[in-house]
Amino acid sequence: MDSFVIEYRDPLFGIIIFFTLIFTISFLTYSFSLYKERKARKDYRELLKRFEIGKLKEEDYVHLYKTYNLPFDSIILLASTFIHKGNYNKAISVYLALLEHVTDRVKKEELLELLGTTYFKGGFMQRAKDIFLRILKFSPRNTHALKYLLVINEKLKDYNNAKDIIDCLDEIGEETTKDKIFIETLILINDPIKSFEKKSIELLDTLKNNPSVQRLIAKFYLSYNKEFFWENMELFDEKKLIDLMWFLNFEDINFEKVSKSSFLTELYNAKGYLNNLNHSDDFVFDILIALNAHEHKIPATIDFEFICKSCKHIHPMFDTRCPNCQNILTFDVKHHLTKDLVERNQSLQ
C-alpha cells in the first residue's frame, strides 16, 4: 500500500507540482486579463458618455487641452458644433474657458475672433463690439475685426463710427467705395436736423451719381415724400423695386406716371388696379391678368424672394446686407405666383 504513495522527494511529485503551478498561474493570468478588459470597456463607455458633444462641459475642453495635449484646432472644431446647432451660449462658454488658459498670442487672437463672431451671430451686438475693439488694441490691422465692427456699428445705427472704420479699412488697402456710399446715404437719411425736403434734394444728387443705393432712396421717398418719388420716377429701375411698387396703396400711385412705363402698367394690371391690358410678356403677370378677367375670382397674388448675388443664398425678406455673407446691396428680387394671403390664412384655421 505504501508503494502507491508518492513521497515529496519523488521526482514525479515535483512534476505534478510544476504543472499545477503552471495551470494556476495561467488561470489567474487569464482571469486577471478578462477583469482588466471588462474594466477598460466600462471606463471607455463612461468616457464616451461623458464626452458626448451635447454633454461636454467647458472644463472638459480645458482638461483635454492641458492634460492630454489635444490639438487646439480640434477643440475649436468640437466647440464649433455648438454654433452649427444654434447653441451660441454653449460655444461662448467654451471660448471663454479656453481664453483663460491659452497663452499663445496668435491662438488668443483667433479665439477672440471666434468669440466676437459668435456674439454677433447670437445677437449680442455690444458684447461683440467690445471683443473686436479688444482685438484691435493689440492687432490694429485685423481686417476681420474691422469689417465686423463696421457691420455692428451699422446695426447699432452708429453711422459716424462706421464711417471712421471705413476710413481705417481704406488706409490698409481694402476696397471701401461701396461701403462709403452706403454709410453716407444712411447718415443723410437718418440726419435728425435736416428736413425731409432738404434730404430729398440731397438724396436725388446721390441717386444720380450712385444708382446702387436707389432702393434706400426709393424707400425713403415712398415713406416720406411720395410726390417727389413720382416726379423723379425715371431715375429708378422699376424692376429692381418691384416688391415696393407692388405693395403700394391705390391712393399712393401716380397713374399718369405709370402710364409712361410699360412695366408698371403690366404690374398694376396684374395687381388689379388697372384694366387696360389683356396680356403681358411676363409669365406671372400674364397669369394674374387672366385670373383678374375670369368670371370666378381666384385668389392669387405675387410673392417675392431675394437672392444674394455674392453667396447665392435665398432670403424671404429684403435686407441691405446679406445675413449670410454680410455684403451690402447684393439682393436681386424675384417674383413668383402664389395663393393669396387671405386664402392661405383661412386654410390654416
Asks: Inspect the surroundings of CG in Asn278 and state if more than 12 heavy atoms from other residues, nucleotides or ligands are less than 6.0 Å away.
Replies: no
Asks: Report yes or no: does Asp104 contribute a side-chain atom to a donor-acceptor pair with the main-chain N or O of Val106 at less than 3.5 Å?
Replies: yes
Asks: Would you say that more than 12 heavy atoms from the other residues, nucleotides or ligands in this model lie under 6.0 Å from the CD of Glu234, or not?
Replies: yes
Asks: Do other residues, nucleotides or ligands put more than 12 heavy atoms under 6.0 Å from Lys240 NZ?
Replies: no
Asks: Please indicate whether His313 has more than 12 foreign heavy atoms, meaning atoms of other residues, nucleotides or ligands, lying under 6.0 Å from its NE2.
Replies: no
Asks: Around Asn275, counting heavy atoms of other residues, nucleotides and ligands shown, do more than 12 lie under 6.0 Å from its CG?
Replies: no
Asks: For the backbone of Asp191 and the side chain of Lys199, can you confirm whether one donor and one acceptor N or O come within less than 3.5 Å of each other?
Replies: yes
Asks: Once rounded to the nearest 0.5 Å, what's the spacing between atom CZ of Arg127 and atom CZ of Phe120?
Replies: 16.0 Å
Asks: When rounded to the nearest 0.5 angstrom, what is the spacing between NE2 in His144 and OG in Ser139?
Replies: 12.0 Å
Asks: Decide if atom NZ of Lys163 counts as having more than 12 heavy atoms of other residues, nucleotides or ligands within a radius under 6.0 Å.
Replies: no
Asks: Quick check on the hydrophobic clustering: are Phe228 and Leu207 connected, directly or via other members, by side-chain heavy-atom contacts under 4.5 Å?
Replies: yes
Asks: Decide if the gap between the ring center of Phe255 and the ring center of Phe250 is smaller than 6.0 angstrom.
Replies: yes
Asks: Do the side-chain N and O atoms of Thr143 and Glu174 include a donor-acceptor pair separated by under 3.5 angstrom?
Replies: no
Asks: Might you confirm whether atom CZ of Phe318 has over 12 heavy atoms from other residues, nucleotides or ligands at distances under 6.0 Å?
Replies: yes
Asks: Between Leu267, Asp243, Asp303, Ile302, which is the residue that forms a side-chain contact (heavy atoms from CB on, under 4.5 Å) with His335?
Replies: Ile302
Asks: Any chance you could lay out the side-chain contact (heavy atoms from CB on, under 4.5 Å) test for Arg321 and Glu154, step after step, and finish with the verdict?
Replies: CA-CA 10 Å; Arg321 280 190 185 272; Glu154 178 195 322; 2.5 Å; yes
Asks: Check whether Lys309 reaches the backbone of Asp332 with its side chain - one donor and one acceptor, N or O, closer than 3.5 Å.
Replies: no
Asks: Taking Thr265 for its side chain and Val258 for its backbone only, find out whether a donor-acceptor pair lies under 3.5 Å.
Replies: yes
